[in-house]
Amino acid sequence: MNTAIAFENVGLALGGERIYDSVDFTVGEGEFVCLLGPSGCGKSTSLRIIGDLLRPDNGRVLVNGRAPAEGWSEIAFVFQSPRLAPWRNALANVLLGVELRFGKAAARRSTDKARELLALVGLLDSAAKYPLMLSGGERQRVAIARALAVDPAIILFDEPFSALDPNTRGRLRAEIERIWLETKKTILFVTHDIDEALTLADRIVLMSNKPTRVLEDIRIAAPRPRNLNDDHALAAIKTRLQDLFHSLEPATTEDSPS
Amino acid sequence: MKRRQFLKYAAAPALFAAPYVHAQAKQKVTYAHLLDPCYDAVVWAIKNGRVKSDVIDVETTGVTIPTLLQATSTKQFDVVMTAVIGVPAAAARGLELRILSAGLYSSPAGEGGGVWVKKGSPFKTATDLKGKTLASYGLRATGYMFVREAMAKKFGLNMALEGGDIRQVEVQAPNLPAALATGQADAAALIHSQAWRALQTGDFVNICETGVILNEIHGRLVSAVNVSYPEKLAARPDAFKEFSRMLKASSDYALANRDEVFGAVAKQANIDRKFFDWWFDRTSTVPAVFGDAHAKAVTTAWNIGLAGHDPERPRRGRAHLGPSAQGVTAATARHGAAAPDASTRTKALVALAFAATLALAWSLAAGRVPPYILPAPADVGKAALAFFGSARQLAHLGATLGHIGASIAIAFVLGALLALLAHYAAWSAPAIHRRLSPFLNAFSGIGWTLLAVIWFGVSSATVVFTITIVLLPFALVNLREGLEALDRELLEMGRSFGRSRLRHFAAIVVPALLPFGAATLRIMFGVAWKVALTAELFGGSRGLGYMINIARQDYDTATIFTVILFIILAVYLADRLAFAPLERYTSRHFGRAKAR
Ligand SMILES: Nc1ncnc2c1ncn2[C@@H]1O[C@H](COP(=O)(O)OP(=O)(O)O)[C@@H](O)[C@H]1O
Ligand SMILES: [Mg+2]
């Protein structure tokens, strides 16, 4: 398997605070990797570094073998909040990413594709609706379609479902899994929800508290779709992760800053 | 009232038949006269105790001509030297004046008056000035009316203030030589000490001896009279009689003691002593009495004014008006006073009642005071009808709208560029927000106007510059706020998709700024009207402010009211019908909604 993303001995300080000690992990091409860690350990930060929105102090980060400054155009983000432009309807929001990356003309040519993607996330009927008229889950679906619209090799998800209710969260997880199976894109998915990671990941990378290192790199071989309650192997991993997590995050792990 | 009778009525010497009585405490008589060394010489003996009185103390003040005209109606001085031509205009608006004496009577030599150009200028005669700019110290001043009369009679020029052969602008007297020197004006009407200085330096040339021309056509003319008011005269007839005696004595003293008086004033004013000999002997006399010759000269001046070069010159007499015009006025008042957000019936009723009360109070008050102080609603209605029926006045409205539109556009673009520079180039932020913005904010509109007049002359450029510079901080502050309120998450999302600054700007920054842009426009529109009027009044040759300037010199308060009411109405309606909905729409559509 080719390496899509590589973190090699990455160190970082922000505002005088040591965030990363030395972080090493890789994401293979077409792989679904979940980045799991306590709140504030630098999960979002690692996505920013990959997307060339932030430069590390030491070490090396590679995106398809290139520096992020060159590789960023193979990447699309899905953030914790949908970050839609309130003045654009769903379709226009899907096209916003295309417009920013490839220009207005390309966006005009992509209208049909954008409709297909809206259909893919189940929102074709809502193409003309503005964000204000959409539910939280629908907005996040638009954001996913927006990321897919630029046809990236890699999609970075940053706790995309943490603000949604459990039902919606479950449905969207299934949808992401389906899309990933259909499109075979590389996905790096940040979460602090152990169940989510166990449901989705080929591999789970567990980060420590600050200054951050990678504590565990766990391959999940269970077949999909997974059922956490029936699978004993998964249950064992879950218990181990929960124990580790407990030691890392003595307080509640319910919510974390984005 | 015929002119002859009017003159008899206006002239006051008859009052002075009352016997002379010693007052216990000395009374004060205040006197405002022309601000010029020549008149300092006239009142020098009074100020320096050479002419004394047991009865009164005289306090003299020199002020510029436009201010003299204004002070005439505010009655803040007991005696004021005012334009001959203003006396009937004042009477037409209910301001009764009584002429005490002639203040300036042209000398037989007829020197001093005239149209000056820079030395070496291509303009050799008055006719060369067609299509050029002629600057005057007061467009409605009598002396300037004489200049226009001479140019019209001798050279057949159309000297109407608007639409005539020559563009005529008002520049504060002290700035006239500078306006000529810098080329902001092609020609200027210089008088008194300015004419003398022009003669002495040789920098300027008189291409049209208007005094000489007028002496030939009309004989000697009175341009200024010392006036008081019937009620003031009735209250203290002796004091005014004594004042007139003293003024005459003071003038005589100056002529009899030239070395002493001229020498002293020359030193004070830093002007050659010979100026006074020239002024008193060759240009003007100061009669300080009102004889038959002066009465005749005054009548001639009035006739010149009446024959007039301006169709808009006010006719005398109080206007009568039908009920329809009154309805227009009432409706105007009602709209103007309505509360902006009155949505409920009660609110609307209260607003209506308020407006009605205001209109009623106005009517009642107007019945008790003369129209130059408070014109009746009917008068204003008539002025309003005249306003909208007059292409000339609508052109002024158009000019003001042009000034405002241009200023808003320039200030908006400039403010946006500066705000963006400060936002994207961090090094420039302190200079822009902590230096430039407070600096622009601190200086008043009128200050900018006066500066702009020096730089751009009396012109639309001056008006637009002034409004723009006053609006600029509003644009800067508002757009800065908009930039700072930009949704950082949205911006980061944008950057994650593309690195092109231009696309980022067009697709995210500009739309997100639209609500702030709309709010900025709304604020700027309101402020622009306030500044425009002042700027046009002092620095404009067109526009509603210019109209007000002319109207106030004619004591035409009804026209001033019309302009004010119109502005209130226009600003209110534009705000309600255009700017508020625009702001609502943009903030609803482009504003930072929860849906992100
Ligand atoms: N721009 C910044 N300046 C200073 N500190 C930052 C900045 N961004 C993030 N941090 C800090 O870096 C750490 C990692 O943040 P983040 O990556 O958002 O954590 P999380 O794992 O919860 O996503 C946190 O302690 C946060 O306070
Ligand atoms: Mg985070």
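What you are looking at is a predicted structure, and each value in this text was computed from that prediction instead of being measured. Note on naming: letters A, B, ... go to the chains in the order of the sequence lines (proteins, then strands), and numbering restarts at 1 for each one.
Listed in order of number, the residues of residues 460-468 of chain B that approach chain A to under 4.5 Å between heavy atoms amount to none. Contacts from residues 496-507 of chain B to chain A, taken as heavy-atom pairs separated by less than 4.5 Å, involve B/Ser496, B/Phe497, B/Gly498, B/Arg499, B/Arg503, B/His504, B/Ala507 in sequence order.
Atom-to-atom distance recorded for B/Leu514:CG and A/Trp87:CH2 is 8.5 Å, nearest 0.5 angstrom. A distance of 8.5 Å separates CG in A/Leu84 from CG in B/Leu490, rounded to the nearest 0.5 Å. Expressed to the nearest 0.5 Å, how far CH2 of A/Trp72 lies from CZ of B/Arg495 amounts to 12.0 Å.
Note: A/Gly103 leads A/Gly103, A/Pro152, A/Ala76, A/Gly51 in heavy-atom pairs under 4.5 Å with chain B. Heavy-atom pairs under 4.5 Å with chain A peak, among B/Ala512, B/Pro511, B/Gly494, at B/Pro511.
Side-chain contact check for B/Glu492 versus A/Arg48: some heavy-atom pair is nearer than 4.5 Å. Contact annotation: the side chain of A/Tyr130 approaches that of B/His589 to within less than 4.5 Å [non-hydrogen atoms, C-beta and beyond]. Counting only heavy atoms from C-beta outward, the side chains of B/Met493 and A/Phe79 approach each other to under 4.5 Å.
The environment of CZ in B/Phe474 is sparse: at most 12 heavy-atom neighbours from other residues, nucleotides or ligands sit within 6.0 Å. For B/Arg434, the CZ atom sits in a loose shell: 12 or fewer heavy atoms of surrounding residues, nucleotides or ligands are nearer than 6.0 Å. Annotation: B/Lys530, atom NZ; neighbour count of heavy atoms from other residues, nucleotides and ligands within 6.0 Å does not exceed 12.
Contact of A/Arg88 with chain B is made through the side chain alone, with heavy-atom distances under 4.5 Å. With a threshold of 4.5 angstrom between heavy atoms, A/Asn93 does not approach chain B through any atom at all.
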